[in-house]
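Structure first, commentary second.
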Amino acid sequence: MNGYAAFLKKELTENMKNYRFLILFAVFLIFGLASPFLAKFMPEILSAVAADMQMGSAPVALDAWEQFYKNISGVGFSAFIILFGSCMSSEYSKGTLVLLVTKGLPRRAVIFAKYTVAAILMTACYWAGFIATYCYTAYLWPGTMLSHVFTAAFYLWLIGFLYLSILLLGCVIFKQTFTSILFTGGIVAVISLLGIVDPLARFNPFLLTSKNVDLISGAASVSEFLMPTVISIAITIIGLWFATILFDGKQL
Amino acid sequence: MNVLTIQGLSKAFGGQKIIDNLNMTVPEGSVFGFIGQNGAGKTTTMKMVLGLLRPNQGEIIVCNEPVHFGQTKTNQYIGYLPDVPEFYDYMTPIRYLALCGEIIGLSKAETYQRGEELLSLVGLGNVKKTIGGFSRGMKQRLGIAQALLTRPKLLICDEPTSALDPVGRKEILDILRKISSTTTVLFSTHILSDVERICDHAALLNQGKIVVGGTLSEIKALHGHESLLLEFPTDDALHTFKSQEAIQPLLDTAEANGKEIILHSQEMEKVQHTVFHVLAETALCPIKIEIMEPSLESLFLEVIK
């Protein structure tokens, strides 16, 4: 426990000092604010640029959330994976872990601490983005009542944990940042491809990132999210478990 | 008591045997020089002692406890300094030691006190800058400080002086000598003068085996022999000297080089008597007479031949 707490502290400091947290926080906040803004003003901007373009119905609050899910699940999480892709490789290449492990730092404490810090930062960034969208949407479309706004966001947040687990597994298996990121991207691509196959689609964690807007609009129900949630959590835990096992045998 | 015992240790990388049935013991309180060429397997052996590499065969005992790969239990007795220690650049030395202290489980006050003590021991007492701006020698010194934080019974240093300039080398050797009163030191090197300077025990690793081992004087006595160098002013003088009857038995093992001749023997006094007798009789005056002490270097070269 000593080792875990000490390494956790070191990881938190490190992510502050190397601006990783600051950059990610800014990215999520900007996308959080940009989502309602773009939803509201994009039609106006477009019609100003191309005067003869026919606009559909006036934008609504739901469009803001549609933007939010598109941006965060795409750009937001990608930025997270790219920046955290080097979380192990820099330790390997410099050999900084050798000194700490030979001092009695349990190897699994390294994995758990890295995961905890990534998860804490992801949570902070994600909900900051969410609050930004929520408040700005309420400001732009006052009086609009939408159901399941928090629940829908909760599911995408869960996927963040899954991505981090896969990323950490990749970081343990591969020594280079690039290959770890590629591994994560590959696994995520496979999961989303499996989402298209019909009998699997209902269980696929990918649903947690694709049907959030449907949940808010009422086109999907909470019960549809149950199985994917369970499976997503299960894969997260299995991924972490594998990471600790593989890391035990890893040459530092 | 032995702090470290290695029995029948073997390790191969991809079919190539690096360590082959290695046996070695490091007695408590010694400064142990682990000598070998580059690529002889010194680092590999040390990493196996630390449980960072899995041996193919053999047993390693540290303070009466067996070492298991991937486990860090025996590492509580060991302080480790890798050849190029790396730290987190954004930390100050005292902050880094604090991190180590938290991992070991020392109290804050104890870590701070011991940290300050060790930093002043290695000459980093007043350094407030972050490790990112450290020179190699400074990192090496901080490496020693972090290794000693646990008050280890055994300090393992992997080529601590190889990458340093003469001043840095001397400083590191002085620190190692200073701490040897409280800690057993095992350090690998290919710089033999370092071994002669501070070690009392040594082992020579060649082709994966210990070819020579023991106390320094034992090693020299067992494998070395003393030599007497004579230099004459002219070739003729040397020729005259060599033609003397009393000298003949010594010539079998002698080396002649220009106007010099080097006589080897296990009984140097007897040789000296003979030589001085001959010199007095023939009235030859050498311009130089020198007893050459057996050096580790000559031994090293002899052994790895």
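Values below: every heavy atom of this structure, side chains too, minus hydrogens, waters and symmetry copies.
The CG atom of B:Asp89 sits 3.5 Å away from atom NZ of A:Lys94, with the distance rounded to the nearest 0.5 Å. From B:Leu81, atom CG reaches atom CG of A:Leu99 across 8.0 Å, with rounding to the nearest 0.5 Å. The OG atom of A:Ser90 lies 11.5 Å from the CD atom of B:Glu86; values are rounded to the nearest 0.5 Å.
Taking each heavy atom of A:Asp248 and B:Phe69 in turn, the nearest pair found is O-CE2, 4.0 Å. The two residues A:Asn2 and B:Ile103 come nearest to each other via the heavy atoms CB-O, 3.9 Å.
Heavy atoms of B:Leu53 lying under 4.5 Å from chain A belong exclusively to its side chain. Heavy atoms of B:Gln76 lying under 4.5 Å from chain A are absent altogether. Looking at A:Glu14, the atoms closer than 4.5 Å to chain B (heavy atoms on both sides) sit in the backbone and in the side chain alike. Residue contact with chain A, scored on non-hydrogen atoms closer than 4.5 Å, is absent for B:Tyr77. In this structure, chain A has no heavy atom under 4.5 Å from any part of B:Arg54.
Around NZ of B:Lys42, the count of heavy atoms belonging to other residues, nucleotides or ligands within 6.0 Å exceeds 12. Heavy atoms from other residues, nucleotides or ligands lying under 6.0 Å from CZ of A:Phe242 number 12 at most. With a 6.0 Å radius and a threshold of 12 heavy atoms from other residues, nucleotides or ligands, B:Lys47 has its NZ atom at or below the threshold. Counting non-hydrogen atoms of neighbouring residues, nucleotides and ligands closer than 6.0 angstrom, the CD atom of B:Glu117 exceeds 12 such neighbours. The local environment of CZ in B:Phe134 is crowded, with over 12 non-hydrogen atoms from other residues, nucleotides or ligands closer than 6.0 Å. A 6.0 Å sphere centred on CZ of A:Phe178 holds no more than 12 heavy atoms belonging to other residues, nucleotides or ligands. More than 12 heavy atoms of other residues, nucleotides or ligands shown are found within 6.0 angstrom of CD on B:Glu65. More than 12 non-hydrogen atoms from other residues, nucleotides or ligands lie less than 6.0 angstrom from OH of A:Tyr92.
Looking at heavy atoms from C-beta onward, A:Thr102 lies in side-chain contact with B:Leu52 at the 4.5 angstrom threshold. For the pair A:Leu100 and B:Leu99, the minimum side-chain heavy-atom distance is below 4.5 Å. Put simply, the side chain of B:Met91 does not reach to within 4.5 Å of the side chain of A:Lys17, judged on heavy atoms. Residues B:Tyr90 and A:Asn18 are not in side-chain contact: their nearest non-hydrogen atoms beyond the backbone lie 4.5 Å or more apart.
The most heavy-atom pairs under 4.5 Å with chain B, out of A:Thr13, A:Thr96, A:Val101, come from A:Thr96. In terms of heavy-atom pairs under 4.5 angstrom with chain B, the leader among A:Arg107, A:Lys10, A:Lys250 is A:Lys10.
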